[in-house]
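One structure is given here, and the rest of the page talks about it.
What you see is a predicted model; the values in this text were computed from it and never measured. Each chain gets a letter, A, B and so on, in the order its sequence line appears, and its residues count up from 1.
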Number of protein chains: 2
Amino acid sequence: MRTRSTTLPKPTDAELTILRCLWRNGPCPVRALCDALKDQQNWGYTTVLKFLQIMTEKGLVTRLPEGRAHIYTAAIGEADVEADMVSDFIWRVFQGSARKLVLGALATGDVSTEELAEIKGIVESLEGKQS
Amino acid sequence: MRTRSTTLPKPTDAELTILRCLWRNGPCPVRALCDALKDQQNWGYTTVLKFLQIMTEKGLVTRLPEGRAHIYTAAIGEADVEADMVSDFIWRVFQGSARKLVLGALATGDVSTEELAEIKGIVESLEGKQS
DNA sequence: TGACAACTACGAATGTCTTCGTATATACTT
DNA sequence: AAGTATATACGAAGACATTCGTAGTTGTCA
């Protein structure tokens, strides 16, 4: 179940990377995040720390002291962020037409047969719901 | 028919606004663009000019002298830009899963019954094409 | 011909994002 | 107790993006 988070700012690319790590691994201190990110992003420790400080200000994460260090926790859910970003993108690029986005995504050719079937299922269930 | 334009940079928001205007109105001088954009963006003349100069450097538009002024023309098609941006977005937000993007877009609830039918048609035609 | 209008070119201010470096405090170890 | 390791906080540099202001050129017209 998604909880709408209308107030939080859209994360930047770097912030999104960090949020993904927190979503996957659960609450972590900075050091653990650095290690977990080492293969994707070779960020220095203070880089990650800085992002987390900014994200704390923005409300994207929360933190609790644990001894000398801090434990950071994602303050928004993955589904919420994705929904916000999709909405935003639809407006920026397609002037609000979700249809054009879907058609564009399907046209990338990166959707497998199983996924197509799943999508068709969703479309049909939505068709059923509408007046 | 789309022609792939792998080399051109992704336009920024402002550049996209200008490209849309060129796509809709065809080749224009700066003055005409300013006028056409007046209701959406209240940009000063030199602002629009600056964008067009940058876009010329980037290869997003081309220009031809016409008397004292220049006529600007979009150097990429709308479908190409949209496809690039969708691809990019799918990677940035969904790690390459077009499926997740489609599901997210459908979940916004902004797709009408007719559009759903159209999407289903596309899905079915894609299903037919795949092995 | 001299003033005015329109156009281009250039540079600069501001804001955001990414990325570290340095300084400082705190704990552990010998 | 001194030195090393680990943490945080702060500041700053470099890249883009957005937005104009100013300067300079060229053409028009009374």
Side-chain angles (χ1 to χ4, degrees), chain A residues 8-22 27-73 81 84-85 88-89 91-93, chain B residues 8-22 27-73 81 84-85 88-89 91-93:
Chain A
L8 292 178
K10 188 168 71 67
T12 67
D13 280 357
E15 289 166 352
L16 198 52
T17 300
I18 290 187
L19 281 175
R20 265 196 289 262
C21 203
L22 288 173
C28 301
V30 182
R31 178 66 58 194
L33 272 173
C34 278
D35 292 348
L37 289 166
K38 196 152 31 175
D39 36 344
Q40 324 167 36
Q41 303 277 342
N42 211 25
W43 281 329
Y45 181 92
T46 55
T47 303
V48 177
L49 175 62
K50 181 66 165 185
F51 284 141
L52 287 167
Q53 286 169 346
I54 293 171
M55 292 168 79
T56 303
E57 277 174 24
K58 290 190 185 177
L60 293 173
V61 298
T62 57
R63 69 181 196 178
L64 292 175
E66 162 113 348
R68 51 209 164 285
H70 288 134
I71 304 291
Y72 288 88
T73 305
V81 170
D84 280 354
M85 294 190 78
D88 182 73
F89 185 77
W91 280 103
R92 284 201 316 110
V93 180
Chain B
L8 293 178
K10 188 168 72 69
T12 67
D13 280 357
E15 289 166 354
L16 198 53
T17 301
I18 290 186
L19 281 174
R20 266 196 287 261
C21 202
L22 287 172
C28 301
V30 183
R31 179 66 58 195
L33 271 175
C34 279
D35 292 348
L37 289 166
K38 196 153 28 173
D39 36 345
Q40 324 168 38
Q41 303 277 342
N42 210 24
W43 280 330
Y45 181 92
T46 55
T47 302
V48 177
L49 175 63
K50 181 68 164 186
F51 284 139
L52 287 167
Q53 286 168 346
I54 293 170
M55 292 168 79
T56 303
E57 277 174 23
K58 291 190 185 177
L60 293 173
V61 299
T62 57
R63 67 181 198 179
L64 291 176
E66 162 112 350
R68 53 207 162 284
H70 288 134
I71 303 290
Y72 288 88
T73 306
V81 170
D84 281 354
M85 295 190 78
D88 181 74
F89 184 77
W91 281 102
R92 284 200 314 110
V93 180

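Separating the NZ atom of B:Lys10 from the C1' atom of D:dA17 is a distance of 12 Å, rounded to the nearest angstrom. If you take CD1 of B:Ile54 and P of D:dA15, they are 16 Å apart, rounded to a whole angstrom. A straight line from CG of B:Leu64 to C1' of C:dT8 spans 16 Å, rounded to a whole angstrom. Atom-to-atom, CD of A:Glu57 to P of C:dC17 comes out at 12 Å; the value is rounded to the nearest Å. At whole-Å resolution of the value, CD in A:Gln40 and P in C:dT19 are 13 Å apart. If you measure from atom CD1 of A:Ile71 to atom P of D:dA7, you get 10 Å, rounded to the nearest angstrom. Across the protein-nucleic acid pair, B:Leu33 atom CG and C:dC7 atom P stand 12 Å apart, rounded to whole Å. The CD1-C1' distance, from B:Ile18 to D:dT19, rounds to 12 Å in whole Å.
OP1 and OP2 of D:dG21 both lie 4.0 Å or more from every side-chain N or O belonging to B:Thr46. Residue A:Arg63 places at least one side-chain N or O closer than 4.0 Å to OP1 or OP2 of D:dA9. Remark: B:Gln53 is in phosphate contact with C:dA9, judged by side-chain N or O atoms under 4.0 Å from OP1 or OP2. Contact check, B:Arg68 against C:dA9: no side-chain N or O comes under 4.0 Å of OP1 or OP2. Proximity of B:Tyr45 to the phosphate of C:dT8: a side-chain N or O atom is located under 4.0 Å from OP1 or OP2. Between B:Trp43 and D:dT18, a side-chain N or O to OP1/OP2 separation shorter than 4.0 Å is absent. Contact annotation: B:His70 side-chain N/O to C:dC7 OP1/OP2 distance is not under 4.0 Å.
Heavy atoms of A:Thr47 sit under 4.0 angstrom from at least one base atom.
In summary, B:Asp13 and A:Arg92 engage in a salt bridge, as defined by a charged side-chain N under 4.0 Å from a carboxylate O.
Looking at heavy atoms from C-beta onward, B:Trp43 lies in side-chain contact with B:Ile18 at the 4.5 angstrom threshold.
Atom CZ of B:Phe51 and atom CG of B:Leu33 lie 12.0 Å apart (nearest 0.5 Å).
Counted within 6.0 Å of CD on B:Gln40, heavy atoms from surrounding residues, nucleotides or ligands total more than 12; the atom is thus considered enclosed.
If you check C:dC17, D:dA17, C:dA9 against the side chain of B:Leu49, the one that comes closest is C:dA9.
At a cut-off of 3.5 angstrom, counting only N and O atoms as typed in the model, there is no donor on one side facing an acceptor on the other between the side-chain of A:Lys50 and the base of C:dG21.
Annotation for B:Pro9 and B:Leu60: closest pair O-CD2, 3.6 Å, computed over non-hydrogen atoms.
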